[in-house]
Every structure is written in C-alpha cells, then in structure tokens.
Amino acid sequence: MTLLVPTSLGTFVAHYSAQGLARLDFPNRPTSDDDGKSTAADLAPAQIRRWHTLTSKALNEMLAGRAPKSLPPLDISAGTQFQRRVWQALREIGMGTTKSYAQVADAIGKPRATRAVGGACGANPIPVLIPCHRVLAANQRLGGFGGGLDWKRRLLACEGIELFA
DNA sequence: TAAGTGCGTCGTT
DNA sequence: AACGACGCACTTA
C-alpha cells in the first residue's frame with residue numbers, strides 16, 4: 001500500500017507491507033513497484049495510518065536536522081542476509097556522523113567486502129531513514145548515491161556534514 | 001589537484 | 001562470467 005509524505009523538499013512516496021514500511025522513494029521518481037497509485041491516508045487501515053504518522057514525523061525531523069524520536073517498523077525482509085547486515089550497520093551511524101564504505105565493511109566483520117557494501121547501500125529500500133547517505137568514500141569524499149548525488153549532498157547538508165574538497 | 005590505469009576483493013545477477 | 005555507490009598504488013598533466 002502506497003501513501004504520500006509531503007515535506008519541505010518534496011513529496012516522498014512510502015510503501016507499506018503488512019510488516020511495516022517497506023520502501024521509501026524520493027520525490028518525482030518513477031514508481032518502481034506497486035501500481036503507481038497512492039491511497040489517501042485517511043482511508044488506509046488504522047495500523048498503516050499509525051505507521052504513516054511515524055514515517056511522516058521521522059522524515060520531517062530528519063530533513064530539519066533532528067534525530068527522529070521514533071520510527072515505524074521497517075520491513076527489510078526483501079533483502080539478502082548480507083544486505084540486511086549492512087542496513088543494520090547503517091542504522092547505527094548517528095546523526096551528523098559518517099563512515100566510509102570500508103568502515104562499514106569492518107563493522108559487519110567483512111573488511112574486504114567494501115565494494116559489496118556499496119552495492120548493498122545502493123539496494124537500500126528505505127533511504128534517509130536507513131541513512132545510506134552517511135556512507136562516504138575514503139577520505140571524506142562524496143562517493144555515489146542511488147537517488148542522485150544532489151540528494152546525498154542535500155541530506156548531508158541537513159546534518160551539517162562537511163565533505164573533503 | 002585532477003584525471004587516468006590497474007588490481008584485489010566479494011555479493012549480486 | 002560480468003558488473004559495481006570501493007580503496008589503494010600508482011602515473012601523467
């Protein structure tokens with residue numbers, strides 16, 4: 001089920017499964033899955049409405065540079081075991097701090113899988129709330145971003161993170 | 001600084 | 001078997 005999330009930087013698109021928030025798309029992005037239609041928030045089942053309220057608050061907090069107090073349940077069951085390990089590690093990177101791909105690889109006990117970590121970041125279904133934007137290339141350089149590098153820069157700027165020139 | 005080449009590495013398709 | 005949101009060690013402008 002798909003619901004819209006208006007924010008100061010555009011309207012994000014949230015997709016819910018029975019387990020929670022399953023995907024979050026940036027504004028103006030071709031709908032990758034689903035039927036492309038969104039459900040009016042007040043017509044959604046009560047549980048999804050509750051989750052959606054949390055999603056909306058959390059996302060707007062993030063974009064305002066504050067750490068969300070709570071998140072909806074995140075349904076990352078679609079990921080492989082490796083991807084889920086990476087995504088879990090990403091959730092442990094605090095607001096305003098960053099890690100390199102190599103540091104994330106270390107954190108999950110696979111110090112040589114740096115490139116594979118990049119792949120898992122790119123497959124992150126819930127950007128922003130699972131903060132893949134806090135993963136930079138070595139030496140505080142920008143690296144890549146599935147949602148477009150502009151978004152990565154913008155999200156980092158929200159958290160006051162400086163990049164290497 | 002910046003741009004290019006090459007290679008090790010490993011999960012995903 | 002081929003391909004990356006990597007990282008490192010280079011070389012060349």
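No experiment lies behind these values; they were computed from the predicted model shown. In the text below, chain A, chain B and the rest are named by the order of the sequence lines, each starting its count at 1. Below, each value reflects all heavy atoms present in this structure, side chains not excepted, and no hydrogens, waters or symmetry copies.
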Peer 1: Okay, side chain of A:Thr97, backbone of A:Gly94: is any donor-acceptor separation there less than 3.5 Å?
Peer 2: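 Such a contact is found between A:Thr97 side chain and A:Gly94 backbone.
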Peer 1: I'd like to know if the side chain of A:Arg84 reaches the main chain of A:Gly79, judged simply by a donor and an acceptor atom lying under 3.5 Å from each other, with no hydrogens or angles considered.
Peer 2: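 Checking the backbone N and O of A:Gly79 against the side chain of A:Arg84, a donor-acceptor pair under 3.5 Å is found.
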Peer 1: Counting only heavy atoms and a strict 4.0 angstrom limit, can you tell me which residues of residues 103-137 of chain A come near DNA chain B?
Peer 2: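 A:Lys110, A:Arg112, A:Ala113, A:Arg115, A:Ala116 - these, ordered by number, are the residues of the stretch whose heavy atoms sit under 4.0 Å from the strand.
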Peer 1: Among residues at least two apart in sequence or on other chains, which ones pass side chain to side chain donor-acceptor pair (under 3.5 Å) with A:Gln83?
Peer 2: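 With sequence neighbours excluded, A:Gln83 shows a side chain to side chain donor-acceptor pair (under 3.5 Å) to A:Thr80, given in chain and number order.
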Peer 1: For A:His133, which of A:Lys152, A:Arg153, A:Arg154 qualifies under side-chain contact (heavy atoms from CB on, under 4.5 Å)?
Peer 2: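 In the set A:Lys152, A:Arg153, A:Arg154, the residue that makes a side-chain contact (heavy atoms from CB on, under 4.5 Å) with A:His133 is A:Lys152.
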Peer 1: Could you tell me from which nucleotide to which nucleotide of DNA chain C, 5' to 3', there is an atom under 4.0 Å from chain A heavy atoms?
Peer 2: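 Contact boundaries, 5' end first: C:dG4 to C:dC8.
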Peer 1: Return a table of donor-acceptor pairs under 3.5 angstrom between the side chains of residues 135-147 of chain A and protein atoms on other chains or two or more places apart.
Peer 2:
{"unit_1": "A:Gln140", "atom_1": "OE1", "unit_2": "A:Thr98", "atom_2": "OG1", "d": "3.1"}
{"unit_1": "A:Gln140", "atom_1": "NE2", "unit_2": "A:Glu162", "atom_2": "O", "d": "3.3"}

Peer 1: Does the side chain of A:Lys57 reach to within under 4.5 Å of the side chain of A:Lys69, using non-hydrogen atoms?
Peer 2: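 A side-chain contact under 4.5 Å is absent here.
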Peer 1: State, yes or no, whether a side-chain contact exists between A:Met62 and A:Leu129 at a heavy-atom distance under 4.5 Å.
Peer 2: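 A side-chain contact under 4.5 Å exists here.
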Peer 1: Quick one: are A:Ser38 and A:Leu4 in side-chain contact, heavy atoms under 4.5 Å?
Peer 2: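 Yes, their side chains come closer than 4.5 Å.
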Peer 1: Do the non-hydrogen side-chain atoms of A:Pro45 and A:Met1 ever get within less than 4.5 Å of each other?
Peer 2: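 Answer yes - side chains close enough.
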Peer 1: Are A:Met95 and A:Leu54 linked, directly or through intermediate hydrophobic residues, by side-chain heavy-atom contacts shorter than 4.5 Å (ILVMFWY only)?
Peer 2: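 No, no single cluster joins them.
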Peer 1: Sort and list the pairs that fulfil ring-ring contact (aromatic ring centres under 6.0 Å, His included) and have at least one residue in residues 41-73 of chain A, not counting sequence neighbours.
Peer 2: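 Every pair satisfying ring-ring contact (aromatic ring centres under 6.0 Å, His included) with a residue in residues 41-73 of chain A: A:Tyr16-A:His52.
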Peer 1: Within residues 75-97 of chain A, find the residues that approach DNA chain B with a heavy atom at under 4.0 Å, and present them sorted by residue number.
Peer 2: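 The stretch gives A:Thr80, A:Phe82, A:Gln83 as the residues lying under 4.0 Å from the strand, ordered by number.
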Peer 1: Show me the dot-bracket string of DNA chain C, counting Watson-Crick or G-U pairs under 3.5 Å, with | for pairs to another strand and [ ] for crossing ones.
Peer 2: ||||.||||||||
Peer 1: For residues 68-110 of chain A, which residue pairs qualify under ring-ring contact (aromatic ring centres under 6.0 Å, His included), counting only residues two or more places apart or in two chains?
Peer 2: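 Residue pairs passing ring-ring contact (aromatic ring centres under 6.0 Å, His included), neighbours aside: none found.
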Peer 1: Return the set of residues passing salt bridge (charged side-chain N to carboxylate O under 4.0 Å, His left out) with A:Arg66 (not counting sequence neighbours), or none when no residue passes.
Peer 2: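 A:Arg66 satisfies salt bridge (charged side-chain N to carboxylate O under 4.0 Å, His left out) with A:Glu61 once adjacent residues are dropped.
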Peer 1: Checking A:Leu59 now: which residues fulfil side-chain contact (heavy atoms from CB on, under 4.5 Å) with it, not counting sequence neighbours?
Peer 2: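 Checked A:Leu59 against side-chain contact (heavy atoms from CB on, under 4.5 Å); matches are A:Val5, A:Thr7, A:Phe12, A:Leu24, A:Leu63, A:Val128.
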Peer 1: What is the nucleic acid contact for A:Gly143, judged by heavy atoms within less than 4.0 Å: base, sugar-phosphate only, or nothing?
Peer 2: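 Answer is nothing: A:Gly143 stays at 4.0 Å or more from every strand.
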Peer 1: Look for any protein N or O under 3.5 Å of an N or O in nucleotides 1-6 of chain B and output each such pair with its distance, or none.
Peer 2:
none

Peer 1: Any pair with a residue in residues 72-82 of chain A that passes salt bridge (charged side-chain N to carboxylate O under 4.0 Å, His left out), sequence neighbours left out, goes on the list, sorted by first then second residue, please.
Peer 2: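 For residues 72-82 of chain A: none.
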